[in-house]
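Let me begin by presenting the structure, written as structure tokens, before commenting on it.
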Amino acid sequence: MSESAQVLPASSARGIAERTSLGILVAISISHMLNDLMQSVIPAIYPILKAEFTLSFGQIGLIQLAFQLTASILQPVVGIYTDKNPQPFSLAVGMGVTLCGLLMVSIASSYPMLLLAVALIGMGSSIFHPEASRVARMASGGRHGFAQSLFQVGGNFGSAIGPLLAALIVLARGQASVAWFSLVALAGMLILTRVGFWYRDHQRERKKANIAPAVQTLPLNVVKRSILILAVLIFSKFFYMAALTSYYTFYLIETFNVSVKDSQLYLFVFLAAVAAGTIAGGPIGDRFGRKFVMWFSILGVLPFTLLLPHASLGWTIALSVVIGFILSSAFPAIIVYAQELVPGKVGLISGLFFGFAFGMGGIGAAALGELADWTSITFVFQVCAFLPILGLLTAFLPDIRKVKHA
């Protein structure tokens, strides 16, 4: 029986929890930061690529789609395989694939070459996320929401500082300077090699424990309905996030005539708020339940999204901070809720939901880019403002904590 499909008895679980390391959680969070930092450089340099290759908004959307669909399609496959055959050192391998993609971006001389390069970066991400999420759960000591938030906040922090570093390095020195970020990938490979040794040793310890199989407590039809609802919630969240992460800089430049550099700084402010919201979502879910967090995060952001397209520059920045903080708290709760919904399938669930989230972001970026070409960036933000209404579907999710104690 694979490690990922095992549930420890209480005494054994407590013993392993005592030996789990906050240092490993921090290491995997830092690795996530480095991984997503490199990914976020690509959207941050869209203005440079748009001018260098004379691209339309639709072509920019296709670049994002090439990256995110590669990650989306491969992540569930990686998750299914590693549930049965855990691969402790695949984390470092994934980071190496990302390194290759970055080097290719730096020397790309044609649009097809750009698409291939970002697809490689997406492939590296697809290898990294399912196993990294598993490591976070293994090192959680039972505080799954906290561990998932700490893991994800690393990624969000990387996404926040990536555009800032791109503004300081790439905007000043041009496309070739993207190669400097390969040093970040190399650092990630070193950290993840160390994590891989811990993962391997921890897995061996768990195999020596008295382990019982995971038990599914909900009817299959309820599980299927719940997974579908969670998918709709992810669609709502990541379509809206695609508008902000991919086109927020263009919106600020077009609407308020700010400089490219200032628009990158405002994007950093938004993404920093996303990071803060992510770290809050998991612990709140541990204490009050994942369903409460999803209610608050998806539906609660609606008044602010409706106001944003009609606000001044100052209020736009302020609203983006509120939106980023509230909306980002949902994803850790969704991931842990889904893991509890389908016990023993950490890799599959992590790969499926991270992959679906990336896919929705990619499809959203491409679709919204085409919509912007046909209409305007402002119209895109006006339409997307209504997406959080889908948060009402949270009412149809079962309360897993009540089911477990029934």
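In what follows, every heavy atom counts, from backbone to side chain, and hydrogens, waters and symmetry copies are set aside. This one's a predicted model, so the numbers in the text were calculated from it and none came from an experiment. For the single chain, residues carry numbers from 1 onward in sequence order.
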- [ ] Report yes if the side chains of M95 and I191 come closer than 4.5 Å at any heavy-atom pair, otherwise no.
- [x] no

Open item on the list: Could you tell me if the side chain of V41 sits less than 4.5 Å from the side chain of I169, heavy atoms only?
Closed with: no

Open item on the list: Between T193 (side chain only) and M189 (backbone N and O only), is there a donor and an acceptor less than 3.5 Å apart?
Closed with: yes

Open item on the list: Below 30° counts as parallel, above 60° as perpendicular, anything between as tilted: where do the rings of Y247 and F250 land?
Closed with: tilted

Task: For K291 against P398, the heavy-atom pair lying closest together - done: CD-O, 4.5 Å

- [ ] To the nearest 0.5 angstrom, please state how far the OG1 atom of T249 sits from the CZ atom of F268.
- [x] 15.5 Å

Task: Flag, side chain of S329 to backbone of T278, donor-acceptor distance under 3.5 Å - done: no

Open item on the list: Can you tell me how far apart CG (L397) and CG (L341) are? Round to the nearest 0.5 Å.
Closed with: 8.5 Å

Task: Main-chain N/O of Y337 paired with E340 side-chain donor or acceptor, under 3.5 Å - done: no

TODO: Decide yes or no on side chain to side chain contact (heavy atoms under 4.5 Å, CB included) for S125 and T98, but give the supporting numbers first.
DONE: CA-CA 7 Å; S125 179; T98 298; 5.5 Å; no

Open item on the list: If you compare all heavy atoms of L390 against all heavy atoms of L233, which two are closest, and at what distance to 0.1 Å?
Closed with: O-CD2, 3.7 Å

Open item on the list: For a 4.5 angstrom cut-off between non-hydrogen side-chain atoms, does V26 reach I30?
Closed with: yes

Task: Nearest non-hydrogen partners of T305 and A385, listed with the distance - done: OG1-O, 2.7 Å

- [ ] Assert yes or no for the condition that the ring centre distance of F239 to F235 is strictly below 6.0 Å.
- [x] yes

TODO: Would you indicate whether W180, at its atom CH2, is surrounded by more than 12 heavy atoms from other residues, nucleotides or ligands within a distance under 6.0 Å?
DONE: no

Open item on the list: In this structure, is the centre-to-centre distance between the rings of F238 and F331 below 6.0 Å?
Closed with: yes

TODO: Hey, could you give me the CG/CE distance between L230 and M294, rounded to the nearest 0.5 Å?
DONE: 5.5 Å

Task: Euclidean distance, S246 OG relative to I377 CD1, rounded to 0.5 Å - done: 9.5 Å

Open item on the list: Set out, in order, the CA-CA distance, both residues' side-chain angles and the distance that settles side chain to side chain contact (heavy atoms under 4.5 Å, CB included) for Q152 and I335, then state yes or no.
Closed with: CA-CA 10 Å; Q152 288 186 27; I335 291 291; 3.8 Å; yes

- [ ] Report the residue from V301, L306, L307 that forms a side-chain contact (heavy atoms from CB on, under 4.5 Å) with L319.
- [x] L307

TODO: Could you tell me how the ring of H129 sits relative to the ring of F151: parallel (under 30°), tilted (30 to 60°) or perpendicular (over 60°)?
DONE: perpendicular

TODO: Check whether any side-chain heavy atom of F353 sits under 4.5 Å from a side-chain heavy atom of I227, and report yes or no.
DONE: yes

Task: Residue pair F181 / V105, side-chain heavy-atom distance below 4.5 Å - done: no

Task: From CG (D36) to CD1 (I161), nearest 0.5 Å - done: 10.5 Å

- [ ] Find out whether L327 and F304 are in side-chain contact, i.e. whether some heavy atom of one side chain is under 4.5 Å from a heavy atom of the other.
- [x] no

- [ ] Answer with yes or no whether the side chains of Q339 and S350 bring together a donor and an acceptor at under 3.5 Å.
- [x] yes

- [ ] Under the side chain to side chain contact (heavy atoms under 4.5 Å, CB included) rule, what do Y111 and L62 come out as? Steps first, then yes or no, please.
- [x] CA-CA 10 Å; Y111 184 66; L62 286 176; 3.3 Å; yes

Task: Partner of F89 by ring-ring contact (aromatic ring centres under 6.0 Å, His included), out of F128, F197, Y199, W198 - done: F197

Open item on the list: For the CG atom of L192 and the CD1 atom of I28, what is their distance to the nearest 0.5 Å?
Closed with: 5.5 Å

TODO: Show your working on side chain to side chain contact (heavy atoms under 4.5 Å, CB included) between V118 and T70 and close with a plain yes or no.
DONE: CA-CA 9 Å; V118 297; T70 305; over 6 Å; no

- [ ] Please tell me if the side chains of L49 and L114 come closer than 4.5 Å, counting only heavy atoms from C-beta onward.
- [x] yes

TODO: Going by the side-chain contact (heavy atoms from CB on, under 4.5 Å) test, name the single residue among T255, T316, L368, L308 that passes it with F381.
DONE: L308

TODO: Please report the shortest heavy-atom distance between I349 and A338, naming the atom on each side.
DONE: CG2-CB, 3.6 Å

Task: Side-chain (S56) to main-chain (Q59) donor-acceptor, under 3.5 angstrom - done: yes

Task: Distance-only donor-acceptor check, side chains S320 and Y266, under 3.5 Å - done: no

Task: Heavy-atom closest contact (S126 atom, L74 atom, distance) - done: OG-CB, 3.4 Å

Open item on the list: Could you check whether any side-chain heavy atom of I323 comes within less than 4.5 Å of a side-chain heavy atom of Y240, counting everything from C-beta outward?
Closed with: yes

Open item on the list: To check you understand the geometry: which heavy-atom pair defines the closest contact between F53 and S110, and what is its length?
Closed with: CE2-N, 3.7 Å

